[in-house]
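Numbers restart at 1 for each chain; the letters A, B, ... are given by sequence-line order, proteins then strands.
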Amino acid sequence: MSRQSNRTTDSKKMNAELFTLTYGALVTQLCKDYENDEEVNKQLDKMGYNIGVRLIEDFLARSSVGRCQDFRETADVIAKVAFKMYLGITPSVTNWSPAGDEFSLILESNPLVDFVELPDNHSSLVYSNLLCGVLRGALEMVQMAVEVKFSQDTLRGDNVTEIRMKFIKRMEENLPAGDEVHSRICVPC
Amino acid sequence: LFVMADEALFQFLHNEVIQYIYKSSEHGEMENGRCITKLENMGFRVGQGLIERFTKDTARFKDELDVMKFICKDFWTCVFKKQIDNLRTNHQGIYVLQDNKFRLLTQLSAGKQYLEHAPKYLAFTCGLVRGGLSNLGVKSIVTAEVSVMPACKFQVMIQKM
């Protein structure tokens, strides 16, 4: 192989791993700082939330996605646009509740966990919990209160990684007094 | 046309890591130094990891300067989507890498009052460079300084093993 093509392949590899490796270093640091997995999970969620409330602006600026009409559309945008854009994967959207207020994202592969193995004494660690916070924070900025959690995790022996998202309620915008409140953004079907 | 924004995601994560490392610390020289060290060490491990999956090809670099050029071009492009703007050396093991528009500083305001916070945003990258070099067989000390945002200089001092 020529030297040049070696470098191109390596370049691609390096790029994909920067976030993954940094995330791994963060989780390692948190496990050192906190006594138990629950605390680490909470911290990851909180940090994810902080990222999410900023990421949404970045996403809306890049994607030219308009207002979602309903939660189903939101789900599709999350899976097909947002995940693809930031993590390079497209989870599938399945397992809708009859009321249409809850669904699953199934990740065949989770880029965050390449080469990661949970050590024995961290069985309660939700390694990728940052993602839950990101989704929650981002959606809150578009007036949707949601609950997000991992219901399956390949790191804990499941076949796939599954994120369960539940719509809780639409949040009121903070508008100056005197303006009419028009319903905006996402309305559950 | 679909463009990946993984770089943006890394920047958000990097900022959040800095907030986390500093939020529980107290103010003061000692504490700031500890935080900088933590960030640098995290960067070091990531830098090692980035290089690790390369083909272990020892014939790849003909000398130290070749390694530094790799850091300035390939490595910097991968991590920051641009090359180092200027590389200088005294040919005695000291290299200065200048980035005129350092990606991780561009979100910080250019005002003088933010200059004191700039080192926080450089520490991880210093470690990244040190870690990358380490896995390329080069031991170093890496420091950084900002004069005018968002330009900064990384100084690499090669340590003889």
Side-chain angles (χ1 to χ4, degrees), chain A residues 1 3-30 32-34 43-44 46-59 61-63 80-88 111-112 114-115 130-131 133-134 137-138, chain B residues 1-21 23-25 35 38-57 59-62 66 69-70 73-81 103 107 124-125 127-128 131-132 135:
Chain A
M1 267 218 262
R3 195 172 172 201
Q4 181 145 28
S5 69
N6 256 341
R7 282 196 179 173
T8 316
T9 324
D10 291 331
S11 295
K12 290 214 172 84
K13 268 196 267 168
M14 271 207 290
N15 192 225
E17 287 164 5
L18 178 62
F19 181 81
T20 301
L21 289 169
T22 303
Y23 187 72
L26 170 65
V27 177
T28 301
Q29 185 66 46
L30 290 174
K32 280 200 195 122
D33 294 343
Y34 290 98
Q43 198 58 227
L44 283 171
K46 204 161 131 198
M47 293 176 75
Y49 177 85
N50 292 342
I51 290 173
V53 300
R54 292 179 179 89
L55 191 77
I56 184 71
E57 244 182 75
D58 184 83
F59 174 70
R62 286 178 201 272
S63 68
K80 294 179 184 149
V81 189
F83 263 85
K84 178 91 182 134
M85 186 180 280
Y86 292 108
L87 291 173
L112 265 55
D114 283 345
F115 306 102
L130 190 100
L131 291 183
V134 174
Chain B
L1 184 67
F2 199 89
V3 182
M4 284 282 296
D6 49 331
E7 189 201 349
L9 189 57
F10 167 73
Q11 284 189 30
F12 283 114
L13 181 65
H14 176 257
N15 284 355
E16 200 49 40
V17 167
I18 294 169
Q19 301 311 315
Y20 167 74
I21 295 284
K23 70 147 199 225
S24 49
S25 72
C35 292
K38 271 192 196 172
L39 287 166
E40 207 271 353
N41 285 337
M42 282 179 74
F44 180 80
R45 286 199 295 279
V46 174
Q48 283 188 311
L50 279 174
I51 298 290
E52 207 166 63
R53 287 166 220 169
F54 270 176
T55 321
K56 302 279 184 200
D57 176 8
R60 179 193 290 271
F61 301 110
K62 60 181 201 276
D66 213 25
K69 283 181 179 168
F70 169 82
K73 292 185 188 159
D74 302 68
F75 189 80
W76 218 256
T77 301
C78 268
V79 179
F80 300 114
K81 304 292 199 288
R103 284 291 214 266
Q107 280 171 15
F124 184 87
T125 301
L128 208 67
N135 265 30

Which pair of non-hydrogen atoms, one from Gln29(A) and one from Ile21(B), has the smallest distance, and what is that distance?
CG-CD1, 4.2 Å
Tell me every residue that passes side chain to side chain donor-acceptor pair (under 3.5 Å) with Asn50(A), counting only those two or more places apart in sequence or in another chain.
Glu16(B)
About how many Å separate NZ of Lys38(B) and CG of Asp33(A), when rounded to the nearest 0.5 Å?
5.0 Å
Arg103(B): partners by salt bridge (Lys or Arg N to Asp or Glu O under 4.0 Å), with sequence neighbours left out:
Glu7(B)
To check you understand the geometry: which heavy-atom pair defines the closest contact between Leu21(A) and Leu50(B), and what is its length?
CD1-N, 3.5 Å
CG (Leu18(A)) and CG (Leu9(B)) are apart, to the nearest 0.5 Å, by 10.0 Å
Pick from Gln43(A), Met47(A), Lys46(A) with the largest number of heavy-atom pairs that fall under 4.5 Å of chain B:
Met47(A)
Evaluate the side-chain proximity of Phe12(B) to Val134(A): yes if any heavy-atom separation is below 4.5 Å, no if none is.
no
Residues Met42(B) and Thr22(A): closest non-hydrogen pair is CE-O, 4.4 Å
Atom pair CZ (Phe19(A)) and CG (Leu13(B)), whose distance is rounded to the nearest 0.5 Å
5.0 Å
Mind checking whether Asn15(B) and Arg54(A) have side chains closer than 4.5 Å, heavy atoms only?
no
Quick one: what part of Phe59(A) sits under 4.5 Å from any heavy atom of chain B, side chain, backbone, both or neither?
neither
Shortest non-hydrogen contact from Arg45(B) to Ala25(A)?
NH2-O, 4.2 Å
Tell me if the CD atom of Glu57(A) is crowded by more than 12 foreign heavy atoms within 6.0 Å.
no
